[in-house]
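One structure is given below, encoded as structure tokens.
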There are 2 protein chains.
Amino acid sequence: MIQEKKKAFNNFAVAKGLRSTRQRDIILDTFLSTNQHISVEELYLKIKSGNQGIGQATVYRTLKLFTEAGLAREILLNDGQTRYEHVIAGEHHDHLVCTGCNAIIEFEDETIEKLQKDIAARQGFHMRSHKLEIYGLCIKCRH
Amino acid sequence: MIQEKKKAFNNFAVAKGLRSTRQRDIILDTFLSTNQHISVEELYLKIKSGNQGIGQATVYRTLKLFTEAGLAREILLNDGQTRYEHVIAGEHHDHLVCTGCNAIIEFEDETIEKLQKDIAARQGFHMRSHKLEIYGLCIKCRH
DNA sequence: CATGTAATGAAAATGAATTTCAAAAGCAGA
DNA sequence: TCTGCTTTTGAAATTCATTTTCATTACATG
Ligand SMILES: [Mn+2]
Ligand SMILES: [Mn+2]
Ligand SMILES: [Zn+2]
Ligand SMILES: [Zn+2]
């Protein structure tokens, strides 16, 4: 599975005429080894702690490449930090965010998905994407 | 209706021990005279064009006060600018955003609202708020 | 008025993200 | 392996919205 992702990025790189670099390999390996929803800074620090010096700008640039390649997805939760999650082919989900401990739970709801398309269609919109985030307190954080 | 809002802010100000100032009056009048979803910069420029000098910092600070007072609501659409809309008591809506012309259409869907609460409850969350934005192209922008 | 405190605003600071640009590295072809 | 061209890198500078600072100004109350 990790190998497939690496191959996918390689294909993308070849198609785009991108060069293969030590930095991109390390950033990809590290990204693939993380849990969901990692911020750029977190990923940067994770790489740094493995004492392999890579510049922040390169991490920012490379995560954009992963997004373009379809491996990563940007998550903007309005806390001022862009996060990235792994893209799983054919899968879609939204997020339930605990404002206490910042835990993120993923969920899917077919009915909501359908209703959204209906709403867009009713207004004559061609829906491209949507963003649904539910904020609240998780069990642990409700004292 | 505008008078009610002004009275509401006045009550809030009194309760909080805030002073009444020329700047707050102008910012409130201007905000109440606008359409929905205005950015801070837009509001600042609108005030400036009425050749009444007010600092940007004051506009930022005052919109936060309006939010606290329950007159305004922050809208974060991830385009790098915070927008504010008017709060209408007891009313809730979500947004359909055209990525072509930036038009924003408001909608309400009781079923989606309920499903969201169910999802949160199912995960043991106490839902505090949610954010639902549908992005797409409006009729005019689909060439 | 006088006096204490809150509000203002210009300018500086912040912080995430992007850009710049000289140096380093990858890639073909010789 | 060497050469030359082009991409990539990364430290530092820049950007841009927003926040903070702090000296000055304005409000409110006696
Ligand atoms: Mn997710
Ligand atoms: Mn709205
Ligand atoms: Zn929690
Ligand atoms: Zn449009």
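Order of the sequence lines sets the chain letters (A, B, ...), proteins ahead of strands, with each chain counted from 1.
Residues satisfying the side chain to side chain contact (heavy atoms under 4.5 Å, CB included) criterion with A:Ala8, sequence neighbours excluded, are A:Leu71. Annotation: side chain to side chain donor-acceptor pair (under 3.5 Å) contacts of B:Glu74 (sequence neighbours excluded): none. Under the side chain to side chain donor-acceptor pair (under 3.5 Å) criterion, B:Lys46 pairs with B:Ser33, sequence neighbours left out. Taking the side chain to side chain contact (heavy atoms under 4.5 Å, CB included) definition, one finds that A:Thr67 meets it with A:Ala72, A:Tyr84, sequence neighbours left out. Residues satisfying the ring pair (Phe, Tyr, Trp, His ring centres under 6.0 Å) test with A:His126, not counting sequence neighbours, are none.
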I'd like a list of close polar pairs between nucleotides 17-19 of chain D and the protein, N/O only, cut-off under 3.5 Å.
unit_1	atom_1	unit_2	atom_2	d
D:dA17	OP1	B:Gln81	OE1	3.4
D:dA17	O3'	B:Gly80	O	3.1
D:dT18	OP1	B:Thr82	N	2.8
D:dT18	OP1	B:Thr82	OG1	2.5
D:dT18	OP2	B:Tyr60	OH	2.6
D:dT19	OP1	B:Lys64	NZ	3.3

Please write out each protein N/O paired with an N/O of nucleotides 4-7 of chain D under 3.5 Å, distance rounded to 0.1 Å.
unit_1	atom_1	unit_2	atom_2	d
D:dT6	O2	A:Arg19	NH1	2.5
D:dT6	O2	A:Arg19	NH2	2.9
D:dT7	O4'	A:Arg19	NE	3.4
D:dT7	O4'	A:Arg19	NH1	3.2
D:dT7	O4'	A:Arg19	NH2	3.4

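Rounded to a whole Å, the OH atom of A:Tyr44 is 14 Å from the P atom of D:dT9. Following rounding to the nearest Å, B:Asn78 (CG) and D:dC16 (P) show an atom-to-atom distance of 19 Å. The NZ atom of A:Lys48 sits 18 Å away from the P atom of D:dT9 (whole-angstrom rounding). If you take CZ of A:Arg22 and C1' of D:dT8, they are 12 Å apart, rounded to a whole angstrom.
Under a 4.5 Å side-chain heavy-atom cut-off, the cluster of Ile, Leu, Val, Met, Phe, Trp and Tyr residues that includes A:Tyr135 is completed by A:Ile75, A:Leu77, A:Val97, A:Ile104.
Annotation: salt bridge (charged side-chain N to carboxylate O under 4.0 Å, His left out) contacts involving residues 2-11 of chain B, sequence neighbours excluded, comprise B:Lys6-B:Asp29. Each side chain to side chain donor-acceptor pair (under 3.5 Å) pair with one or both residues in residues 13-26 of chain B, not counting sequence neighbours, appears once here: B:Lys16-B:Glu68. For residues 104-116 of chain B, every residue pair satisfying the side chain to side chain donor-acceptor pair (under 3.5 Å) rule, not counting sequence neighbours, is listed here: B:Gln36-B:Glu106, B:His37-B:Glu106, B:His92-B:Glu113, B:His93-B:Glu106, B:Glu113-B:His130, B:Lys114-B:Asp118.
Between A:Arg83 and A:Glu85, none of the side-chain N atoms (NZ, or NE/NH1/NH2) sits under 4.0 Å from a carboxylate O, so this pair counts as no salt bridge.
In the 5' to 3' direction, nucleotides of DNA chain C lying under 4.0 Å from heavy atoms of chain A begin and end at C:dA16 to C:dC27.
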